[in-house]
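All heavy atoms count here, side chains included; hydrogens, waters and symmetry mates do not. Sequence positions, counted from 1, serve as the residue numbers for this chain.
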Amino acid sequence: MNNNPLRLEQYETVLFNLNLNPLGIPESVTKALSENLSGIGRYPDDYHVLKDAIADYAGCLRDNVVLGTGATDLLRLFIPLIGVKKAMLLTPSCSEYDHVLQIFGCEISYYELSEADNYILDVDDFIKNLDDSMDLIIIGNPNNPTSQIVCRDDIARIADACAAHNIFLVIDEMYIEFTDEYKELTAVPLIGEHENIAVLRSISKFFAVPGLRFAYAIMNNPELMTIVNMTSTPNSISTLTTTACTCMFKDSGYISESRSQIHTERNLIYSAMSTNKQVKIYKPYANYALIQILKPGVTAKDIAEKCRLKGLIIRDCSDIHGLDERFIRICFMNPKQNDLLVNTILEQL
């Protein structure tokens, strides 16, 4: 029975607000889980095989890998270890950073990305705003929700500036695998020369497996690594998650197809929407795009409601620090779903 009189039954619900890979769960994951169910009857091993798979996939040393049950879990680990009293965040950016820092009573200052500059980070100006009172900076690369990127050379400049002020720099690369420039963009190669960097990765979005509850960080700080290894919870990653992720990181077919589909759909959606004078779509680099509504009298809430009636759930960004009721965020799904979404949005303008 339909309990919502406004819901149109002919449409399936499509979650354009979650930023998950439209290919869904990799076959390598479902196969690994089904073939290794007996693993729930034993404790996990020492994770060497999983760390080797990550090192291979990410291009780092096994000893530089830190495991966690999610990106938030790793932030909760780092913040007290670093002794963070004051942190600086970009705005707009992921609201989860604020939540975690507030749990530890940290003071938060914000560096506002400029709408006039299309929310692209002005690295020179950003560096001028650093000072010795700060302990931690978190930068999403690509940024969520703006889908903008910072090149590796600029990350290196920021890391050097942070080191001069004794600031620890976390680069959140949750969406980096969706970018065309993944290998050239990732900050992982920088950790060999920078002990004040941690690169944070989650499997939830690119591999579409949030239920596995797994993330990892890559860093090269012997002192912090020693403390992490001493204080982290042993056997925190389940046997099934360990097995599934080890196979998943080696699934080159899924990885290649994912990047190809997102590349195509990102370009098609950007082309379709960038010519409309009633909206502004900021050139996206991840698997989602930030869109500003320019038509007077139309708000993000209005667009989100019209989309919802067709089963299309988008992100109303009016509650994100640094944005307002003019902004929505969409992710890229399969071609048919994307066509329906673009047409539904443009029909309201």
Side-chain angles (χ1 to χ4, degrees), residues 14-15 18-40 42 44-71 73-74 141-142 144 172-189 199-218 236-267 285-288 331-335 337-338:
V14 185
L15 301 177
L18 295 186
N19 298 348
L20 294 178
N21 188 328
L23 293 187
I25 301 170
E27 185 178 341
S28 57
V29 169
T30 55
K31 182 179 180 182
L33 291 175
S34 64
E35 293 180 352
N36 293 276
L37 288 176
S38 62
I40 61 177
R42 63 178 185 273
D45 60 16
D46 56 9
Y47 302 121
H48 281 177
V49 174
L50 174 58
K51 286 188 174 183
D52 282 339
I54 293 171
D56 241 17
Y57 175 74
C60 66
L61 299 176
R62 182 178 71 186
D63 291 343
N64 294 140
V65 177
V66 179
L67 308 181
T69 55
D73 173 56
L74 288 170
N141 196 30
N144 178 20
D172 182 358
E173 294 189 347
M174 179 175 290
Y175 298 101
I176 201 164
E177 289 120 309
F178 290 108
T179 66
D180 290 340
E181 308 87 353
Y182 166 47
K183 295 296 185 182
E184 292 74 34
L185 187 62
T186 176
V188 171
V199 177
L200 192 61
R201 296 266 187 91
S202 170
I203 63 169
S204 297
K205 305 299 185 178
F206 185 75
F207 291 101
V209 286
L212 286 182
R213 306 310 306 141
F214 179 70
Y216 58 97
I218 302 168
S236 60
I237 313 301
S238 75
T239 302
L240 289 182
T241 293
T242 299
T243 301
C245 289
T246 300
C247 296
M248 181 184 70
F249 287 121
K250 300 175 183 178
D251 192 342
S252 58
Y254 179 91
I255 293 166
S256 177
E257 186 179 354
S258 299
R259 290 168 54 77
S260 176
Q261 178 169 318
I262 291 298
H263 169 84
T264 299
E265 293 304 307
R266 177 172 54 228
N267 289 343
Y285 292 89
N287 64 320
Y288 53 88
C331 71
F332 312 133
M333 302 299 283
N334 70 44
Q337 294 166 337
N338 291 336

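- Within a 6.0 Å sphere centred on CD1 of I25, other residues, nucleotides and ligands contribute 12 heavy atoms or fewer.
- A donor-acceptor distance shorter than 3.5 angstrom exists from the side chain of N338 to the backbone of M333, with no hydrogens or angles considered.
- If you run ring pair (Phe, Tyr, Trp, His ring centres under 6.0 Å) between F207 and each of F178, F214, F249, only F249 comes through.
- Between D180 and R266 there is a salt bridge, since at least one side-chain N of the basic residue sits less than 4.0 Å from a carboxylate O of the acidic one.
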Checking side-chain contact (heavy atoms from CB on, under 4.5 Å) for the pair Y57/E177: CA distance, chi angles, key distance, verdict? CA-CA 11 Å; Y57 175 74; E177 289 120 309; 2.7 Å; yes
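- Using a distance-only test at 3.5 Å, with no hydrogens or angles considered, no donor-acceptor pair links the side chain of R201 to the main chain of D172.
- Residue E27 places its CD atom among 12 or fewer non-hydrogen atoms of other residues, nucleotides or ligands, all under 6.0 Å distant.
- The shortest side-chain heavy-atom distance between P22 and Q261 falls under the 4.5 Å cut-off.
- To the nearest 0.5 Å, atoms CE (M174) and CG (N19) are separated by 9.5 Å.
- Atoms CG and NZ, from N64 and K51 in turn, are 10.0 Å apart once rounded to the nearest 0.5 Å.
- The two atoms that bring V188 and C60 nearest to each other are CG1-CB, 3.9 Å, heavy atoms only.
- Between C245 and L50, the shortest heavy-atom distance links the atoms CB-CD1, 3.8 Å.
- The two residues T239 and P44 have their closest heavy-atom pair at OG1-N, 3.4 Å.
- G68 and D73 make their closest contact through CA-OD2, 3.4 Å (heavy atoms, listed as atom of the first residue, atom of the second, distance).
- Going from atom CG of N21 over to atom OG of S204 covers 12.0 Å, rounded to the nearest 0.5 Å.
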Quiz prompt | Chi angles and distances behind the side-chain contact (heavy atoms from CB on, under 4.5 Å) call for E181, Y285 | solution = CA-CA 9 Å; E181 308 87 353; Y285 292 89; 4.0 Å; yes
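- Between L185 and N141 the shortest side-chain heavy-atom distance falls below 4.5 Å.
- In plain terms, the two heavy atoms of A71 and S202 that are nearest each other are CB-CB, 4.5 Å.
- To the nearest 0.5 Å, the span separating CG on L200 from CD1 on I176 amounts to 11.5 Å.
- With hydrogens and angles ignored, the 3.5 Å screen pairs a side-chain donor or acceptor of T246 with a backbone N or O of T242.
- Within the 3.5 Å criterion, the main-chain N or O of D52 finds no donor-acceptor partner in the side chain of D56.
- With hydrogens and angles disregarded, a donor-acceptor distance shorter than 3.5 Å links the side chain of S34 to the backbone of K31.
- Checked by atom type, the side-chain pair Y182/E173 shows no donor-acceptor distance below 3.5 Å.
- Judged by distance alone, with hydrogens and angles left aside, the side-chain atoms of E257 form no donor-acceptor pair with the main-chain N or O of Y254 at under 3.5 Å.
- A side-chain donor-acceptor contact under 3.5 Å links T264 to the backbone of S260.
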Would you please test L67 and I54 for side-chain contact (heavy atoms from CB on, under 4.5 Å) and show each step? CA-CA 10 Å; L67 308 181; I54 293 171; 3.8 Å; yes
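- Remark: the backbone N or O of L18 is not paired with any side-chain donor or acceptor of Y288 at under 3.5 angstrom.
- A donor-acceptor pair is defined here as one N or O able to donate and one able to accept, closer than 3.5 Å; no such pair exists between the side chain of S258 and the backbone of L23.
- Judged purely by atom type and a 3.5 angstrom limit, S256 has no side-chain atom pairing as donor or acceptor with the backbone of S252.
- Of all non-hydrogen atoms in D251 and P26, the two that sit nearest each other are OD2-CB, 3.8 Å.
- Rounded to the nearest 0.5 Å, atoms CE (M248) and OG1 (T241) are 9.5 Å apart.
- Separating the CG atom in L212 from the CD1 atom in I203 is a distance of 4.5 Å, to the nearest 0.5 Å.
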